[in-house]
Amino acid sequence: MKWLELVTVAGATLVAAVTVVVLYSLGVRLTAIAADSRQASPGVKKSFAYICFGLCGFAVLFGLYLIIPYFSG
Amino acid sequence: MVALVIALALFFDFTNGFHDTANAMATPIATGAIKPKSAVTLAAILNLVGAFLSTEVAKTVSGGIIREGSDGIQITPDIIFAGLMGAILWNMITWLKGLPSSSSHALFGGLIGAAVAGIGFHSIKLEGLLQKVILPAIFAPLIAGIVAYICTRLAYALTSRHDPETGSKLTQKRGGFRTGQIFTSSLVALAHGTNDAQKTMGIITLVLIAAGTQDPGSGPEFWVIAACAFAIAIGTYAGGWRIIRTMGAGLTEVKPAQGFAAETSTASAILASSHLGFALSTTQVASGSVIGSGMGRKGTSVRWSMVGKIALGWLFTLPAAGLVGALTALLVKTGTVGVLIAAIAGTAAVLFMFFYSRKSAVGHHNAIEVEEAGQAVKFRKKKGLARARAKARAQEKNLAPESSRTGLGTPDAEAAASADADTSKETQR
């Protein structure tokens with residue numbers, strides 16, 4: 001029985017999903033903070049938010065890389 | 001026979017497409033991230049592209065469940081024909097009931113039934129069956145559900161904001177998760193195209209090789225690839241709206257953050273499983289994710305009765321598809337007349353289910369009602385329709401014994417469910 005593979009798949013799923021969700025949530029939170037009326041430096045928060053979304057974009061690109069057999073063999 | 005099997009394989013591809021639209025697109029439709037029509041169009045295009053991307057033929061049709069090849073038995077077009085018949089009929093029945101169920105497991109079931117009836121029990125690898133179907137069916141929803149639960153909890157914890165002085169809620173902008181949903185669900189749709197269209201290509205190529213029109217060991221011909229790609233794309237575009245309704249609104253209500261967490265878990269689980277060697281069914285992963293994310297958000301209830309129906313549907317997938325496969329295999333054994341009878345009976349059954357579904361059509365216009373401005377997903381309160389469905393269910397009990405236990409919720413339950421939704425909406429605000 002392939003228990004090791006099962007555990008690997010479960011672990012990889014957990015790590016990947018949690019990473020993306022945490023990054024995206026941080027992005028959403030930072031956008032919300034930047035939109036507050038009393039906010040000292042909305043620009044910085046906004047750019048941090050965009051960095052978070054950008055990292056999620058990389059995760060999506062990595063997903064594409066895995067899906068398309070031309071790249072991942 | 002060859003032409004018949006190819007036609008049947010393409011039709012299976014079609015049902016596969018429309019059965020699995022829900023996996024990718026149910027939650028974005030439910031949260032209003034994408035309009036229903038655009039969602040199925042997007043999924044169809046991605047499936048089309050995905051089918052062209054990956055054209056490597058699978059080595060075995062059954063993926064190691066049936067002893068194939070030189071040391072085992074030869075999979076004949078007859079067995080494939082019978083197996084496809086079982087898979088298609090089961091796909092149609094589950095679609096009619098709005099149950100998400102794995103198309104590949106239906107195909108396995110049909111092939112197993114056909115092989116047992118056509119050849120005998122020794123043709124089945126029990127270990128392969130356990131490893132490829134039964135264990136994944138338990139672990140796929142479990143893994144996806146737990147991951148989705150954790151992700152939903154995290155997403156809500158990270159985005160919840162309160163004023164430190166007054167304790168009142170600040171803007172949270174959780175609608176922003178909708179944009180993310182589009183990307184994650186697109187990944188799921190693309191992955192589906194690369195995996196599932198390939199199965200049909202493999203079947204058709206195998207039949208062509210068996211018929212001697214193609215050299216053994218060669219890849220699928222271009223027309224096969226194109227036909228499979230379009231069959232799955234058209235199926236996806238047709239959209240299994242009944243299943244979309246179950247996945248998007250029947251299990252739990254889905255809000256953007258929740259939907260994003262569920263879709264991310266689904267995408268991660270599918271990609272991980274297809275690259276790390278433990279195959280999981282997309283449908284089962286997606287259902288597990290939706291259930292897990294429903295448990296993760298406060299103020300949401302998961303409709304466990306619906307979960308039970310789906311689980312029961314999964315339990316019946318192998319035996320039901322296998323039974324149809326076995327019956328068809330027995331018919332086919334009797335000769336050309338048997339094949340004709342099987343083909344006509346199958347077509348009649350499919351047509352009957354199609355026209356039967358027309359009685360209470362579920363389409364993009366009424367699959368899930370989404371409040372465009374708000375966050376809430378509302379349930380339809382068309383009692384008349386629910387009553388018509390209840391009557392239909394009562395009739396169907398005579399046709400399919402297992403359906404008596406897998407029937408959809410009663411009108412009362414639906415009304416209670418929508419009341420539930422309203423109260424939880426209030427707690428959310």
Side-chain angles (χ1 to χ4, degrees), chain A residues 1-40 42 45-73, chain B residues 50 53-56 127 130-131 135-136 139 142-144 146-148 150-152 154-161 170-177 179-180 183-184 186-187 190-191 193-195 256-257 260-261 264-280 285 289:
Chain A
M1 211 47 63
K2 297 165 144 191
W3 293 113
L4 186 67
E5 278 91 339
L6 180 67
V7 174
T8 324
V9 168
T13 307
L14 184 66
V15 171
V18 164
T19 313
V20 172
V21 167
V22 164
L23 276 174
Y24 201 92
S25 306
L26 276 180
V28 168
R29 190 187 174 103
L30 285 169
T31 328
I33 291 174
D36 278 353
S37 49
R38 306 171 283 130
Q39 184 61 52
K45 305 270 160 55
K46 258 252 151 72
S47 40
F48 272 117
Y50 284 129
I51 290 172
C52 287
F53 290 137
L55 288 174
C56 288
F58 271 114
V60 171
L61 287 181
F62 181 66
L64 279 178
Y65 165 82
L66 285 180
I67 291 173
I68 300 171
Y70 181 77
F71 298 127
S72 51
Chain B
L53 281 177
S54 139
T55 52
E56 195 187 329
E127 196 205 350
L130 192 69
Q131 194 160 310
L135 280 181
F139 284 108
L142 211 63
I143 292 173
I146 293 169
V147 171
I150 296 169
C151 287
T152 313
L154 277 173
Y156 275 98
L158 281 170
T159 51
S160 94
R161 298 177 66 220
L170 292 169
T171 51
Q172 299 172 322
K173 300 239 170 190
R174 279 184 187 143
F177 280 110
T179 321
F183 289 103
T184 45
S186 298
L187 275 186
L190 190 66
T194 51
N195 285 332
F260 180 75
T264 311
S265 317
T266 310
S268 318
I270 291 165
L271 289 180
S273 80
S274 59
H275 285 86
L276 296 173
F278 197 91
L280 299 176
V285 166
S289 295

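Chain identifiers are assigned alphabetically (A, B, ...) following the order of the sequence lines, protein sequences preceding nucleic acid strands; residue numbering begins at 1 within each chain.
Note on ring orientation: taking the six-membered ring where Trp is involved, the planes of B/Phe177 and B/Phe260 are tilted (angle from 30° to 60°).
When each of B/Cys151, B/Ala257, B/Ser265 is checked for heavy-atom pairs under 4.5 Å with chain A, B/Cys151 comes out on top. Among the candidates A/Gly57, A/Gly11, A/Gly63, A/Ala12, the residue making the largest number of heavy-atom pairs closer than 4.5 Å to chain B is A/Gly63. Between chain B and the residues A/Val15, A/Thr8, A/Val22, the largest count of heavy-atom pairs under 4.5 Å involves A/Val22.
For B/Phe183, the CZ atom sits in a loose shell: 12 or fewer heavy atoms of surrounding residues, nucleotides or ligands are nearer than 6.0 Å.
Contacts between A/Leu64 and chain B at a heavy-atom distance below 4.5 Å involve backbone atoms as well as side-chain atoms. Looking at B/Leu280, only its side chain comes within 4.5 Å of chain A, counting heavy atoms on both sides. At a 4.5 Å heavy-atom cutoff, the contact between B/Thr179 and chain A is made by backbone and side-chain atoms alike. Of the two parts of B/Leu158, the backbone and the side chain both hold a non-hydrogen atom closer than 4.5 Å to a non-hydrogen atom of chain A. With a 4.5 angstrom heavy-atom cutoff, B/Leu187 touches chain A via backbone and side-chain atoms both.
The main-chain N or O of B/Gly176 is found under 3.5 Å from a side-chain atom of A/Tyr24 such that the two form a donor-acceptor pair.
Evaluated for a side chain to side chain contact (heavy atoms under 4.5 Å, CB included) with B/Thr264, the options A/Thr13, A/Val18, A/Val20, A/Thr19 yield exactly one hit, A/Val20.
In terms of heavy-atom proximity, A/Ser25 sits nearest to B/Thr159 at O-CG2, 3.6 Å.
In this structure, the separation between SG on A/Cys56 and CG on A/Leu61 is 11.5 Å, given to the nearest 0.5 Å.
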